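Everything numeric here is computed off the predicted structure, so don't read it as measured data. Worth knowing before you read on, the calculation uses all heavy atoms, side chains too, and leaves out hydrogens, waters and symmetry mates.
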Amino acid sequence: MPVDPSPSAPAPSDFIRDIVAGHVAEKLYPKIVTRFPPEPNGYLHIGHAKSICLNFGLAREHNGQCNLRFDDTNPAKEEVEYVDSITADVRWLIAGWADHCLGFKPKGAHPARITSAGQPDFFLGPVPADAPNSEPFFASDYFEPLYEYAVELIRRGQAYVCDLTAKETDEYRGAPDRPGRESPWRNRTAAESLDLFNRMRAGEFPDGARTLRARIDMASPNVWLRDPLLYRIRHVPHHHAGDKWCLYPLYDYAHCLSDYLEGITHSVCTLEFEVHRPLYDWILGSLGLPRPLPHQYEFAKLNLGYTIVSKRKLLTLVNEKIVTGWDDPRMPTLAGLRRRGIPASALRAFVTGVGVTKFDSVTEVAVFENAVRNDLNASAQRRLAVLRPVKVVLTNIPAGELIECMATNNPQSDTPTTRPLALTREVFIEADDFAEAPPPKYFRLKPGGEVRLKYACIIKLDEIVKDTAGRLVELRCTADLTTRAGGPNVARKVKGTIHWVSATHCLDAEVRLYDRLFNVAEPDADGKFLDHVNPHSLEVVTARLEASLARATPHDRFQFERLGYFDLDPKDSIPGRPVFHRTITLKDTWTKV
RNA sequence: UGCCCGAUGGUGUAAUGGUAGCACAAACGACUCUGACUCGUUUUGUCUAGGUUCGAGUCCUAGUCGGGCAGCCA
């Protein structure tokens, strides 16, 4: 299905959108509220883009809202650096598309005590993300209400403090095909659990000494229902909550209640949480909460060919110095993709086109590359640049003469603009565009052959000059200036048209040529992804660029004609010393011999 | 081998009991001052076996294959 990347494009339907549309039709909720809940323990990657586009897409399609919430219940693994990078990545990805749906909260706000349906309740509503003094949501802002809910669970006999060690807890849990055993502490009184739970919070016990557990069913075929842990003791300060707590909730307990506190209607997550859904429902159902409960829906995460997205493995690439950092343009992180020049709109079109299902599939990189080229083809300014220069002397043009040629900036534009190019006696052409012994069907420069210099004129190769070692020094050609635009022979056809730059009116620049990081489609299929790293994923050349590129800014997207899409590296470029890099090559149907 | 989930061309998806369609990829052709773009043509598919039905990719049963689940991670 063709995907219109414009901000108003309708999204194709999928099973989750169908469910939500059904709820909207039934007027089940006054407003659709979703959330994107990353843990701040790493960088966002292309897989997260799918989740972000689904959750924000749902919100924008129904005039709803999507909260950015940090699922920060494990202080040992989390850092503010990640909070900041994730926030920036999300804003970048949805900018101009769903930023009006991004739900933030007033800075420092915690859930308020309210009354719902005559019952005491907690709630934390959103403010627009562009409101002054706003910030994302944090699960760690909910520790107080979460604690009160836990107390309620204990009072209701639905939770108890357990003194088993981690190892014992494991043994008691049993196995998927073998029922567990009940903890000896399972039946202690609510009063005793309450007292202990309070003292756990007060810091009376060391890490791991006791836990709070839900009292469900140790014989359940679903191991997540075998009295799962709700709280553990961790004497560690928290990056957002400070040193207020030494008692931290676990994911299953915190997540469903965080959803409830924010008034989430649809809690969309990936397939591995499917077996957790009964627990999600159990916790919310056990508390007699007064407002409508959120529900969890699961979809298959994105798998992309030639790519790995596991945070731990990505970190290995960084630590082993296989890449220069999390934002290396070869990384599948949002920071890396952004730095590489991939437009957010291309990423959105890609993940939208992939669809949403429960089938664990692997998407071919070609689909991603197509989305990028499709986007850039429409928007990128065309420029001429020569990556591997070969000197050409146009013997019938006097030295010092400058012939101005007009080049089109973007032929895809409805109203294309032009810019001048300097044609001079000496020019550079691409080494690939000359062959002394050409293969069959070679359209470019060959002995005695003709080729058009794009936007200029047709030239004929007269002489190949080599040094005594047999190395190519220069090509001497005759320019047919009557074939220039406006000339009498413009219409004369030759089979090949090549790019070029003036040798005297050009700019030298470092250009980084990136290729895929792995040379097999499923790098981790054998668990040895490091063995499949592509040793040629980066090639650095000193290229000759047309003079106008001196005015490039990191915001500009260029197509170097016949080569690919390039832009200024936003990190390593300095004024006067630009570094360009290749976002992606042009599709090449000419099979190299 | 306990429980949960899934299976439509090479890949990803659509079809909500009624003509198996789209995108990417591939092949061929047209066009071309980018071997790009665009356009045209073509190849390739409902996991298996039963059942329900006038009619099944869709519903039911069984099987096969694949994925997930036994962190005091999320």
Pair pattern of RNA chain B in dot-bracket, where unpaired bases get dots and | marks partners in another strand, Watson-Crick or G-U under 3.5 angstrom
.((((((..((((....[..)))).(((((.......)))))....(((((..]....))))))))))).....

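By the 5.5 angstrom centroid cut-off and the 30-degree plane limit, A:Phe359 is classified as not stacked against the base of B:G6.
Close to B:G35, at under 4.0 Å from its OP1 or OP2, lies no side-chain N or O of A:Thr497. A:Thr589 has no side-chain polar atom (N or O) that falls below the 4.0 Å cut-off from OP1 or OP2 of B:G35.
Looking at A:Arg226, its side chain never comes within 3.5 Å of a backbone N or O of A:Arg181 through a donor-acceptor pair.
A cation-pi arrangement is absent between A:Arg444 and A:Phe434, since the terminal nitrogen or guanidinium carbon is not both under 6.0 Å from the aromatic centre and inside a 45° cone about the axis.
Spacing between atom CD of A:Gln381 and atom C1' of B:U34 amounts to 15 Å, rounded to whole angstrom units.
If you find the closest nucleotide of RNA chain B to A:Arg452 and to A:Asp18, the one lying nearer the 5' end belongs to A:Asp18.
Among the candidates A:Thr363, A:Thr307, A:Val351, A:Ile46, the single residue satisfying the side chain to side chain contact (heavy atoms under 4.5 Å, CB included) test with A:Phe368 is A:Ile46.
Comparing atom distances between the A:Val490 side chain and each of B:C24, B:G6, B:C33 picks out B:C33 as nearest.
The same atom, P, is picked in B:U64 and in B:A70; the two are 25 Å apart, to the nearest Å.
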How would you summarise protein contacts on nucleotides 56-74 of chain B per nucleotide, using B for base, S for sugar-phosphate only and - for none, with heavy-atom distances below 4.0 Å?
-----------SBSBSBSB

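Within the model, atoms OG1 of A:Thr408 and NZ of A:Lys454 stand 7.0 Å from one another, a figure rounded to the nearest 0.5 Å.
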